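Reading through the structure tokens given below for one structure.
Keep in mind that what you see is a predicted model, and the values were worked out from it rather than measured. Naming convention: chains lettered A, B, ... in sequence-line order (proteins, then strands); numbering from 1 in each chain.
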Amino acid sequence: MVETYQRRSALAHLGLVARAAGSSRERAGIIMSEVPHRTIVNIRGMASDPAFSSAVQTATGLPLPEAANAVSSAGVWQILWLGPNEWWITGPDGEADSLIEALRANFAGQHAAACDVSESRAIIRLKGPKARDVLMRGVSLDLHPRAFRVGQCAQTGLSRANALLHLVDDAPTFEIYVLKSFSDYLWRWLETVARDFGLAVEA
Amino acid sequence: MLLIPCPFCGKRDEHEFTYAREAHIARPTNGEQMSDAEWAQYLFMRKNPKGVHYERWMHAKGCRRYFNVARDTVTHEIYAVYEMGQPAPAIERENGR
Ligand SMILES: [Zn+2]
């Protein structure tokens, strides 16, 4: 466990708080920010096993999304579909240990696993009417609102970095999960593209 | 560019996938009794058809699952996509190439 006073988010070195102070959101087509320190718990199990899905629901209060690219969410918690037997549970910082404890207790006797991957990803939030235009320059995914709807997620390549996109609302707001080692690169790439559409930075 | 239908995520650009060579090659269980030539046959020799090829792909930038694809090596047409462990489907080709 990292000491709290030493803890820095993946993009802390970019000084986004200071930049946000001098950043005008008027007429910005894109507002970029970092979502620091979010709990991410990876779970594996058989979606077809009702004991597994009810174990997850008991621990999180959320239904397990079984459809491809689906997300179930309530308040600050969400479950993101990653594959036919793999999900991320994401929520507020510092909740991983107690969540994993609850999950593992419920998984007793099952072929299932839960593990903390919170520190593996940085999260970049891209918000504003031009957010799709920015992403379209780096993904091959169809981002049209008919094809990629609010409350869906998809893992894909974003300017050659593996990333998960979650469309949170129809602002539209995208949350982009990327390996921390790619986060500096991806932020700079997104920022370069976003400048074409009027960029503001938010803390 | 191919649009490959991942059996789990749906249609995605070919750049999201890695190619994992010929499908349905079972590792022999009697390796000790096999000659070097027979072992080499298992290890190295692969089909190279002009037409339907049964092969594995992995959705590397998506769900990271392996699956099988029946693809035409001439036209790149994808006839079938099916999960690992499933038998190869028979493909009837209309153009008879
Ligand atoms: Zn997939």
Is the number of heavy atoms from other residues, nucleotides or ligands under 6.0 Å of Lys47(B) NZ greater than 12? no
Most chain B-contacting option - heavy-atom pairs closer than 4.5 Å, from Thr156(A), Leu82(A), Leu141(A): Thr156(A)
pair Arg64(B)-Gln155(A): side-chain heavy atoms closer than 4.5 Å: yes
How far apart are the closest heavy atoms of Trp81(A) and Phe8(B), and which atoms are they? CH2-O, 3.7 Å
OH/Tyr66(B): more than 12 non-hydrogen atoms of other groups inside 6.0 Å: no
Considering only heavy atoms, which portion of Ala154(A) lies under 4.5 Å from any heavy atom of chain B: side chain, backbone, both, or neither? both
Of the listed Pro84(A), Ala68(A), Ser140(A), Gly83(A), the one with the largest count of heavy-atom pairs under 4.5 Å with chain B is Pro84(A)
Looking at side-chain heavy atoms only, is the closest gap between Lys11(B) and Asp142(A) below 4.5 Å? no
Any chance CG of Asp36(B) has more than 12 other-residue heavy atoms, nucleotides or ligands included, within less than 6.0 Å? no
Can you confirm whether Lys61(B) sits close enough to Asn162(A) that some side-chain heavy atom of one is under 4.5 Å from a side-chain heavy atom of the other? yes
Is it true that atom CD of Glu22(B) has more than 12 heavy atoms of other residues, nucleotides or ligands lying nearer than 6.0 Å? yes
Return yes when atom CE of Met34(B) has more than 12 non-hydrogen atoms of other residues, nucleotides or ligands closer than 6.0 Å, and no otherwise. yes
Taking atom NE2 of His24(B) as the centre, does the number of heavy atoms from other residues, nucleotides or ligands within less than 6.0 Å exceed 12? yes
